[in-house]
Amino acid sequence: MTQIRHQILPSLLSADFGKLEENIKRLEALGVTTLHLDIMDGNFVPNISFGPDIVSTIRKITKLTLDTHLMIQHPEAYIEKFYEAGSDILTVHAEATVHLHRTVTRIQELGIKAGVAINPATPLVMLEEILPFVDLVLIMSVNPGFGGQKYIATSTKKISVLKELIAKLNVQPIIEVDGGINAETIQTALAAGAEYFVAGHAVFANNNIELNYHTLKTLLQ
Ligand code: DX5
Ligand code: ZN
């Protein structure tokens, strides 16, 4: 049986943090299974978001899978903290950690899934040796740091080449795409082979969460 892995992961970065609990409950009611949490350190990316304390607050609100995207330098120093906060998937940037294999292995030893992310300007060849060891690959389709940016069109080709590489190596990491995913871009990324679609602005825009989510979901059928 082929496993259906396509899903939309709302990025809480675009949520109204004053109504976090209400927003999460609305996403649960829509059948969302995984939330995407963007962690920014003001160093790896030119913005600061939130840290493990907020992840643990979110963990208390919901049982949904928490996909934590670490846009931080030296993520290896914070793995335990984000694990203890309740993350189910921890994704680190290949550009941010020198011993990527060690970092990925440490995440998996904790019993959670490990992902590796690459920025738009980082070539896929950076991933070749790590692919057999990761549960997920995150292709950034914008330069990380902010929600609501425009999808970089060359990301589509990158996703399809990654899919070929994964098939060639006979490994099974999930392909996740993050940045500028909306009603105009989601089907291009789908056709290229993406399976997890992170969407911030496109889900939370104008607080029309239900309608926005439904529009994206319909485009994935
Ligand atoms: C960008 C973050 C994304 C962001 C996506 O630095 O990694 O997850 O929240 O936001 P949208 O979907 O608005 O591009
Ligand atoms: Zn992200």
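Throughout, residue positions are numbered sequentially from 1 according to the sequence presented. What you see below is based on every heavy atom in this structure, not just the backbone, and it leaves out hydrogens, waters and symmetry mates. Both counts, for ligands and for their atoms, begin at 1 and track the order of listing.
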Check: When rounded to the nearest 0.5 angstrom, what is the spacing between CD1 in Ile174 and CD in Glu195?
Finding: 6.5 Å
Next item on the list: Verify whether one side chain among Thr156 and Thr188 offers a donor that lies under 3.5 Å from an acceptor in the other.
Entry: no
Notebook entry, point to check: Salt bridge between Arg26 and Glu210, side-chain N to carboxylate O under 4.0 Å?
Noted result: yes
Notebook entry, point to check: What is the minimum heavy-atom distance between Thr68 and Ser87, and which atoms define it?
Noted result: OG1-OG, 2.8 Å
Next item on the list: Could you tell me which residues satisfy side-chain contact (heavy atoms from CB on, under 4.5 Å) with Ile48, sequence neighbours excluded, listed by chain and number?
Entry: none
Next item on the list: Only one of Ile159, Ile175, Thr91, Leu162 passes side chain to side chain contact (heavy atoms under 4.5 Å, CB included) with Val137; say which it is.
Entry: Leu162
Item checked: Contacts of Lys25 that satisfy side-chain contact (heavy atoms from CB on, under 4.5 Å) - sequence neighbours left out -> Glu21, Glu28, Ile61
Note to self: Over 60° means perpendicular and under 30° means parallel, so tell me whether His93 and His69 are parallel, tilted or perpendicular.
What the structure shows: parallel
Check: So what's near the Zn ion (ligand 2), protein N, O or S atoms under 2.8 Å?
Finding: His36 NE2, Asp38 OD1, His69 ND1, Asp178 OD2
Check: Between Arg59 and Asp88, is the closest basic N to carboxylate O distance under 4.0 Å?
Finding: yes
Note to self: I need the contact residues for ligand 1: any residue with a non-hydrogen atom closer than 4.0 Å to the ligand, ordered by chain then number.
What the structure shows: Ser11, Leu13, His36, Asp38, Met40, His69, Met71, Met140, Pro144, Gly145, Phe146, Gly147, Gly148, Asp178, Gly179, Gly180, Val198, Ala199, Gly200, His201
